[in-house]
Amino acid sequence: MTCLPPTFRARSTMACATVALLAASLLASGCSLSPQPLTSEENLSRVRADMAVVMSPQEPIAGPVSMHEAMARAIKYNLDERVKLMEMAVANQQLDLLRFDMLPRVVAGAGYAGRNNEAGSESLNLATGRRTGESTTATDRNRRTADLGFTWNILDFGVSYLRARQNANLVLVADERRRRVVQGILQDVRTAYWRAVAAERLLKRIEPLEKRIEAARRNAGALETQRVQAPLQTLTYQRSLVDTLRQLQTLRRELVAAKSQLGALMGLPPGESFTLAIPAEATAKDAPAIATPVEALESYALLNRPELVEETYNARITADETRRALLKLLPGIDLNAGLHYDSNSFLLNQQWADYGARLSWNILNLASAWDTQSYSKAQEELVAFRRQALSVAVLSQVRVAMVQYRELAQEFALTADQAAIDQRIRQQYVNSSTVGQQGDLGVIQAEVSVLVSDLRRDLVFADLQNAYARVMVSAGVDPLPEAVPAQDMATLRRAVADGLSSWEQRAGGTTRLPDLLTPAAATSEKSASEKPMPAPFKPPARG
């Protein structure tokens, strides 16, 4: 073995020491990382960036806000809705990116290589076991290379295709989640709008009544000081006034935040003022009516509820996942081709092309084939059972929503009658009142009773509107048509109004649930007669 010169060995040792020292420095710097909390400037920058979006200009409110305009603004400016739209856009972008995974790989490369001495070598004579003693080289000290390679794995193409199809279904899942968010937002807007209307009506009446009660309390305190009446009678009168005032303050607390909640649902910046379009006081004839049979609503819900449609897309995704798992068990076929260039002057051909194919197969994957198929099948069955269980829940929700709607419709009719009766009682007190404490107390208490009755009527009406919207949501009704020509407020407001006025026509045209299940039942009986098998889990027929 040839010994290395001492100078070369020293240089090699120094180079190794330098590399080791550099690696140790990098490792030490990586291990010395510590958490870095946000600075005040970073926090301030974050707040400014977020508030620039939250406080971004909107179409100005031209006049009093109606329920349809509130819904249109919620659709356009509500942040939850915008989050779902962004999630859908991200899913679309991800789908576009995954389409490139199905393409073959085309890799271009270029490089330069050099060394400080010749890449020489000696040969060994195998017959004699002696070195030839001649040093030769076949490589230039400095050379340039370039490559353009094409590779395509057919198995990877199939897997990428199935993954892209799964992401296409995820785009549809994102759209169904957006539908569900819109339906929930509009239900909340409907309830908040009518509660805000009740607040606008009654808060204006509470303030002057509170002033009257305060004046009556001062008069009662003066009478107590002057001992004009018996102390117990005066104190009882004051206690009644305080109790009435406390009742009014409780009503104020329930109503004061209603308008702010509506503004938040509409996506308005906090604190922005707006006025409401106040409709006439609701009576029994103003209650929203639902003429569509519950069986038709059940059928419509099974066909259109976002959760059920989403589970159907999840079933597609799971089926493709099963195909992907089985596809990975197959052998892979690699096709490759390439163009190459090397400036090495010793080469006979400095430019050349090569191509080939390769079959590779991990035979041990066959051992897990049965378990893979069983696991994938179990996943598909789980998705199916989950969808069926959700179908039963949807049917129950439709029934419960209809029952609650009917009960609230009856309750609203009674509260409207009670409010009308209390109004007539108050008028009788006003007509028959006399000068004195009891006359003032009777009129005040009658006015408070009217106020409470009106509030209860308006709040029950808001609950009735919420129950009406809950029926729509439980049936999976979209408040908007499939296509909206523009996104300006006027167009959205008309689209919301048209959608809300025509939803019963759309839902009522659906086949009733018993008729919808009849063909499926006949098919199941025919299959059972041909080959005995366990009956699949199906939601029970309702109605």
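Looking at Ser501, its side chain does come within 3.5 Å of a backbone N or O of Ala497 through a donor-acceptor pair. For Asn344 (side chain) and Ala138 (main-chain N/O), a donor-acceptor pair under 3.5 Å exists by modelled atom type. Judged by distance alone, with hydrogens and angles left aside, the side-chain atoms of Asn153 form a donor-acceptor pair with the main-chain N or O of Leu155 at under 3.5 Å. Of the possible donor and acceptor atoms, none in the side chain of Asp334 sits under 3.5 Å from a partner among the backbone N and O of Ala357. Between the Arg165 side chain and the Ser160 main chain, no donor and acceptor come within less than 3.5 Å of each other. A donor-acceptor pair under 3.5 Å is absent between the side-chain atoms of Arg73 and the main chain of Leu268, judged by distance alone. Looking only at distances, a side-chain donor or acceptor of Asn167 sits under 3.5 Å from a matching main-chain atom of Arg163. Glu310 places no side-chain N or O within donor-acceptor distance of the main-chain N or O of Glu176, the cut-off being under 3.5 Å. At distances below 3.5 Å, not a single donor-acceptor pair connects side-chain atoms of Ser376 with backbone N or O atoms of Thr322.
Relative to the ring axis of Phe274, Lys259 places its NZ or CZ within 45° and under 6.0 Å from the centre.
Counting heavy atoms of neighbouring residues, nucleotides and ligands inside a 6.0 Å radius, atom CZ of Arg358 does not exceed 12 of them. Heavy atoms of other residues, nucleotides or ligands lying less than 6.0 angstrom from CZ of Arg115 number more than 12. Applying the 6.0 Å contact sphere to CZ of Arg387 captures more than 12 heavy atoms from other residues, nucleotides or ligands. Atom CZ of Arg190 is surrounded by more than 12 heavy atoms from other residues, nucleotides or ligands within 6.0 Å.
Arg305 is linked by a side chain to side chain donor-acceptor pair (under 3.5 Å) to Glu307, Gln397, counting only residues two or more places apart in sequence or in another chain. With sequence neighbours left out, the side chain to side chain donor-acceptor pair (under 3.5 Å) criterion links Gln261 to no other residue. Partners of Tyr313 by ring-ring contact (aromatic ring centres under 6.0 Å, His included), not counting sequence neighbours: none found. With sequence neighbours excluded, no residue forms a side chain to side chain donor-acceptor pair (under 3.5 Å) with Asn336.
Across all non-hydrogen atoms, the minimal contact from Asn142 to Gly114 is OD1-CA, 3.4 Å. What you find for Leu327 and Val159 is that their closest heavy atoms are CD2-N, 3.5 Å. Gln351 and Tyr341 make their closest contact through CG-CD1, 3.6 Å (heavy atoms, listed as atom of the first residue, atom of the second, distance). Taking all atoms of both residues into account, the shortest heavy-atom contact from Ala119 to Thr139 is CB-CB, 4.5 Å.
The side-chain hydrogen bond (donor to acceptor under 3.5 Å, both in side chains) with Gln166 is formed by just one residue from the set Arg323, Arg316, Arg324; it is Arg324.
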List the atom pairs, with distances to 0.1 Å, where a side-chain N or O of residues 466-475 and a protein N or O form a donor-acceptor pair under 3.5 Å, not counting sequence neighbours.
{"unit_1": "Asn466", "atom_1": "OD1", "unit_2": "Gln187", "atom_2": "NE2", "d": "3.0"}
{"unit_1": "Asn466", "atom_1": "OD1", "unit_2": "Thr191", "atom_2": "OG1", "d": "3.0"}
{"unit_1": "Tyr468", "atom_1": "OH", "unit_2": "Trp503", "atom_2": "NE1", "d": "2.9"}
{"unit_1": "Arg470", "atom_1": "NH1", "unit_2": "Gln404", "atom_2": "OE1", "d": "2.8"}
{"unit_1": "Ser474", "atom_1": "OG", "unit_2": "Arg470", "atom_2": "O", "d": "3.1"}
{"unit_1": "Ser474", "atom_1": "OG", "unit_2": "Val471", "atom_2": "O", "d": "2.8"}

Check the pair Leu297, Met402 against side-chain contact (heavy atoms from CB on, under 4.5 Å), reporting the backbone distance first and the verdict last.
CA-CA 10 Å; Leu297 292 176; Met402 283 296 295; 3.7 Å; yes
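Applying the ring pair (Phe, Tyr, Trp, His ring centres under 6.0 Å) test to every pair with at least one member in residues 343-379, sequence neighbours left out, gives these pairs: His340-Trp352.
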